[in-house]
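Report on the structure given below.
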Amino acid sequence: MYRFLLTRQWVTLTLLALVLIPTMVELGFWQFHRHEHRVEQNGLIARNLDAAPVPVEELTSPGHTVPRADYWRTVTATGTFDTGHEVVVRRRTNADDRVGFHVLSPLVLSDGRVVLVNRGWVPAADDQKAFPEVPAPPRGTVTVTGRLKADETTGASGIRDLAGLPPRQVMLINSGQQAELLDREVLGGYLEQTEPASGDAGPEQIPAPDHGSIGAHMAYAVQWWLFAAAVPLGWVILVRREKRDRAAASGQNTPEPVTAAA
């Protein structure tokens, strides 16, 4: 009754089902791990944003790589802005997805070392090679509060570090690069400024990272697992239908018995 399973068509279909089941299960676990990562990330962001502010010197130093555990920690830095060495970071978007620049300003600390401060977003000029109009930072000694971030690299961000850029324009926020330009010791990482508020004059400060949404990864995981469960069920349904159709066809082709003449 089930010899049809040995035909080329059914062997191919069965092998395809055997490949699809573990593949869909694995895709489900991939989405599940992404869900777990997102939940863990949200927890880290929430904890670090809620933590009490600490001086930036307690968490980083020249040449230091900011660990993931310290991302988004609220830190403070007191010094004076060096506007003469201010640069802008190309191809950055604001909350409305408008393309412009981030303003990267060196803050010189009392000991002469520098911490980089991302003061926020400004729109690009009509000429992409021109330095944009950047509102001046506060003069004199100022205490800046912000979120600590790690240096950007091409490998981590996917942003190409292009050469031959216009003066005072960069692609990445990187303390090592700026240390060479400034010829000073620069603390590893940088601050996303939150205080003092820039107000309407700008730059447009960077919003806090989203840590309330978990995305649809868990739903996608369940969906893949349901697909995996549906494959063997569908295979059984097809087999039973094929058996029924073949039995019906066999019954129709059976010749009627011949009745002897009276």
Which value, rounded to the nearest 0.5 Å, describes the distance between Asn174 atom CG and Ile159 atom CD1? 11.5 Å
Working to the nearest 0.5 Å, report the span between CZ of Phe131 and CZ of Arg168. 4.0 Å
With a 4.5 Å heavy-atom cut-off, do Leu13 and Leu238 have their side chains touching? yes
Validation row: Leu191, Asn118 side chains within 4.5 angstrom (heavy atoms): no
Go through it in stages, so that I can follow the logic: the residues are Arg113 and Val186, the test is side chain to side chain contact (heavy atoms under 4.5 Å, CB included), and I'd like the CA-CA distance, side-chain angles, deciding distance and then a yes or no. CA-CA 6 Å; Arg113 297 186 299 176; Val186 179; over 6 Å; no
Without swapping roles, check the side chain of Thr60 against the backbone of Gly188 for a donor-acceptor pair under 3.5 Å. yes
Taking side chain as C-beta onward, heavy atoms only, is Thr7 less than 4.5 Å from Val11? no
Does Leu107 share a hydrophobic cluster with Leu148, counting links as ILVMFWY side-chain heavy atoms below 4.5 Å and allowing steps through other members? yes
So which residues get pulled into Leu233's cluster when ILVMFWY side chains under 4.5 Å apart are joined, directly or through others? Ile237
Within the side chain of Arg184, is there an N or O that forms a donor-acceptor pair under 3.5 Å with the backbone of Gly112? yes
Quick check: closest heavy atoms across Phe101 and Pro132, and the distance to 0.1 Å? CD1-CG, 3.7 Å
Hey, is Glu86 close enough to Arg119 for a salt bridge, meaning N to O under 4.0 Å? yes
Near Tyr220 OH, under 6.0 Å, is it more than 12 heavy atoms from other residues, nucleotides or ligands? no
Where Asn48 and Ala69 come nearest, the two heavy atoms and their spacing: ND2-O, 3.0 Å
Pairwise side-chain contact, Thr76 with Glu195, heavy-atom cut-off 4.5 Å (strictly under): no
Answer yes or no: is there a donor N or O on one side and an acceptor on the other, between the side chain of Trp225 and the main chain of Val25, under 3.5 Å? yes
Membership question, hydrophobic clusters at under 4.5 Å side-chain separation (ILVMFWY): are Val142 and Val103 in the same one? no
Set out, in order, the CA-CA distance, both residues' side-chain angles and the distance that settles side chain to side chain contact (heavy atoms under 4.5 Å, CB included) for Val114 and Leu187, then state yes or no. CA-CA 6 Å; Val114 169; Leu187 305 188; over 6 Å; no
Report yes if some heavy atom in the side chain of Pro209 is under 4.5 Å from a heavy atom in the side chain of Gln41; otherwise report no. no
Indicate yes or no for a side-chain donor-acceptor contact from Ser198 to the backbone of Pro203 under 3.5 Å, with no hydrogens or angles considered. yes
Heavy-atom side-chain proximity of Phe81 to Pro106 below 4.5 angstrom: no
Starting at CG of Leu104, measure out to CD of Gln193 and round the result to the nearest 0.5 Å. 11.5 Å
Under 3.5 Å: donor-acceptor pair, side chain of Glu185, backbone of Pro62: no
Measuring from atom CZ of Arg34 to atom CE of Met218, what distance do you get when rounded to the nearest 0.5 angstrom? 14.0 Å
What heavy-atom pair brings Arg91 and Leu162 nearest, and what distance separates the two atoms? NH2-CD1, 3.8 Å
Which heavy atom of Ala228 sits nearest to which heavy atom of Met24, and what is that distance? N-SD, 3.7 Å
Taking Val87 as the starting point, is it possible to reach Leu182 by hopping between hydrophobic residues whose side chains are less than 4.5 Å apart? yes
Taking a hydrophobic cluster as the set of Ile, Leu, Val, Met, Phe, Trp and Tyr residues connected by side-chain heavy atoms closer than 4.5 Å, whether directly or through intermediates, do Tyr190 and Leu109 fall within one such cluster? no
Please determine whether side chain to side chain contact (heavy atoms under 4.5 Å, CB included) holds for the pair Arg38 and Ser213, giving the CA-CA distance in whole Å, both sets of side-chain angles, and the decisive distance to 0.1 Å. CA-CA 9 Å; Arg38 183 64 177 269; Ser213 171; 3.9 Å; yes
Could you check Phe32 against His217 for side chain to side chain contact (heavy atoms under 4.5 Å, CB included), going step by step and ending with a plain yes or no? CA-CA 6 Å; Phe32 178 70; His217 300 301; over 6 Å; no
Any side-chain donor paired with an acceptor under 3.5 Å for Thr78 and Thr143? yes
By the salt bridge (charged side-chain N to carboxylate O under 4.0 Å, His left out) test, which pairs, at least two apart or in different chains, include something from residues 96-106? none
For Thr154 and Asp161, test the side chains for any donor-to-acceptor distance below 3.5 angstrom and give the result as yes or no. no
Can you tell me how far apart CD1 (Ile173) and CG (Asp151) are? Round to the nearest 0.5 Å. 9.0 Å
Heavy-atom neighbours of Asp210 CG exceed 12 at 6.0 Å: yes
Can you pull out every salt bridge (charged side-chain N to carboxylate O under 4.0 Å, His left out) where at least one residue sits in residues 54-76? Sequence neighbours excluded, please. Glu40-Arg68
Decide, yes or no, whether a salt bridge links Glu192 with Arg92 under the criterion of side-chain N to carboxylate O below 4.0 Å. no
Would you give the length of the straight line joining atom CG of Leu44 to atom CZ of Arg47, rounded to the nearest 0.5 angstrom? 5.5 Å
State whether the side chain of Thr153 and the backbone N or O of Ala156 hold a donor-acceptor pair below 3.5 Å, judged by distance alone. yes
So, Phe29 versus Trp224, ring centres under 6.0 angstrom or not? no
Pro196 backbone acceptor or donor facing Gln205 side chain under 3.5 Å: yes
Can you tell me if Asp183 has over 12 outside heavy atoms packed within less than 6.0 Å of its CG? no
Would Arg8 pass as a cation-pi partner of Trp10, given that its NZ or CZ must be under 6.0 Å from the six-membered ring centre and within 45 degrees of the axis? no
Verify the cluster assignment for Val56 and Leu116: are they in a single hydrophobic cluster under the rule of side-chain heavy atoms below 4.5 Å apart? no
I need the minimum non-hydrogen distance between Ala221 and Gly28, along with the two atoms involved. CB-O, 3.2 Å
Any side-chain heavy atom of Thr145 sitting closer than 4.5 Å to one from Thr74? yes
Using a 4.5 Å cut-off on heavy atoms from C-beta on, say whether the side chain of His85 contacts that of Leu181. no
